[in-house]
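Not measured: the values here are computed from a predicted model. Order of listing sets the numbers, starting from 1, for every ligand and every atom in it.
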Amino acid sequence: MIHVSNLTMEYGQEGSPLRVLDNLNFSMERGDTVAIVGPSGSGKTTLLQLLAALEQPTQGHIKLDQQTLSELSTDQLADFRRDNMGIVFQSFHLIDSLTALANAALPLDIAGKPDATIRAQSMLESVGLKDRAHHYPQQLSGGEQQRVAIARALVHEPRLILADEPTGNLDEKTGKRVADLLFELHAQSQSTLVLVTHDMRLAKRCKRLFCLESGKLRVEDNHELSA
Ligand code: ADP
Ligand code: MG
C-alpha cells in the first residue's frame with residue numbers, strides 16, 4: 001500500500017545540511033499497524049510529515065497505492081490528503097471557534113458531502129462524545145479534545161491514519177483510553193495505522209516497530225501479534 005524508496009530528508013543550508021533521514025526504504029501493507037519510535041530529534045515527526053505529504057523530501061519517493069506523492073501539485077496534494085489520510089496531532093489542533101460536531105464534520109464539509117453532519121454525529125458517538133457535540137474545544141478536557149480530533153481524522157474513512165504522539169499530552173489513564181479507541185476504530189476499517197510514540201507499551205501493540213536512529217530505520221515485526 002505504501003512504498004518508500006531512497007527517502008532522504010535534509011534541513012538547513014546548502015553547505016552543511018542536517019541529514020535527518022538517510023536513504024530509507026520500506027513498505028507497509030493495507031491493515032498494518034506501525035509504531036515509529038526513536039529518541040527525541042531522531043526524525044519521527046519528519047517521517048510522518050513526509051508520509052502526509054506536508055513536507056517534500058530532499059530525495060526519494062513515496063507511493064501510496066498507485067500514486068507517487070511527488071507527482072502531485074500542491075492543490076492535488078491537498079485533495080489527495082483530504083480523501084485518503086486522517087492525521088492526529090499530539091496537541092489536538094482543533095478549531096476553537098467550531099463545536100466538537102463542526103470540528104468532526106470538517107473533512108466532509110470541505111469535500112462538500114451533504115451528509116457531513118450526520119456522519120460526524122455518528123463518529124462522535126463512536127468516540128463516546130455523543131453528549132458533547134455542541135461543546136467548544138475550550139469546554140472539553142484534553143482526553144475529550146483528542147477524541148474529537150480522532151473523530152475528525154477518521155470521519156471520512158481514510159485508508160491511511162497518521163498519528164504523531166496522540167497520547168503525548170494526556171495522563172496515563174486517558175492516554176490508554178484514547179489509544180484503545182484508535183486501535184478499535186482501526187480494527188473496524190481496512191486502513192493502515194502509523195503511530196509515532198515514546199511509549200513502548202503503546203508501540204508494542206502495533207504489528208510492526210520502526211526504530212529511527214541516526215537517520216537510519218530498523219524494522220522489527222512483532223511476531224506475537226502478526227501470528
Ligand atoms: P522527533 O519527532 O523524532 O523528535 P523531528 O522530526 O521533529 O524529530 O526532528 C528531527 C531533527 O530535524 C531535529 O534535529 C530537528 O531539530 C530538525 N528539524 C525538524 N524540523 C525542522 C525544520 N523545519 N527546519 C530545520 N530543522 C528541523
Ligand atoms: Mg516529534
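For atom 24 (N) of ligand 1, the closest non-hydrogen atom on the protein side is Y11 CD2, 3.5 Å. From the protein, the heavy atom lying nearest to atom 12 (O) of ligand 1 is V20 CG2, 3.3 Å. Counting protein heavy atoms only, atom 15 (C) of ligand 1 is closest to L18 CD2, 4.9 Å. Here the heavy atom of the protein found nearest to atom 5 (P) of ligand 1 is T46 OG1, 3.7 Å. Residue, atom and distance of the protein heavy atom nearest to atom 7 (O) of ligand 1 are T45 CB, 3.7 Å.
The residues D180 and R205 are annotated as salt-bridged, a charged nitrogen and a carboxylate oxygen being separated by less than 4.0 angstrom. Residues R208 and D32 are paired through a salt bridge, judged by an N-O separation under 4.0 Å between the basic side chain and the carboxylate. Classification of E220 and K207 as a salt-bridged pair fails, no side-chain N sitting under 4.0 Å from a carboxylate O.
Both L124 and L181 are assigned to one and the same hydrophobic cluster, defined by single-linkage of ILVMFWY side chains at heavy-atom distances under 4.5 Å. When the side chains of ILVMFWY residues are joined at heavy-atom separations under 4.5 Å, either directly or via intervening members, I62 and L24 end up in a single hydrophobic cluster.
Taking any N or O of S42, backbone or side chain, at least one lies under 3.5 Å from an N or O belonging to ligand 1. Note: an N/O pair closer than 3.5 Å links G41 and ligand 1 by distance alone. Residue G43 has at least one N or O atom closer than 3.5 Å to an N or O atom of ligand 1.
Between the side chains of N6 and Q59, no donor-acceptor pair is found at a separation under 3.5 Å.
Here the closest heavy-atom approach between residue L94 and residue P137 is recorded as CB-CG, 4.0 Å.
In the candidate list Q90, E213, K44, R19, K44 is nearest to atom 3 (O) of ligand 1, counting heavy atoms.
Using a 4.0 Å cutoff on heavy atoms, P39 counts as a contact of ligand 1.
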message: As a quick check of understanding, evaluate side-chain contact (heavy atoms from CB on, under 4.5 Å) for L193 and F183, giving each step before the final call.
response: CA-CA 8 Å; L193 171 66; F183 281 101; 4.0 Å; yes
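Residue contacts to the Mg ion (ligand 2): T45 brings an N, O or S atom closer than 2.8 Å.
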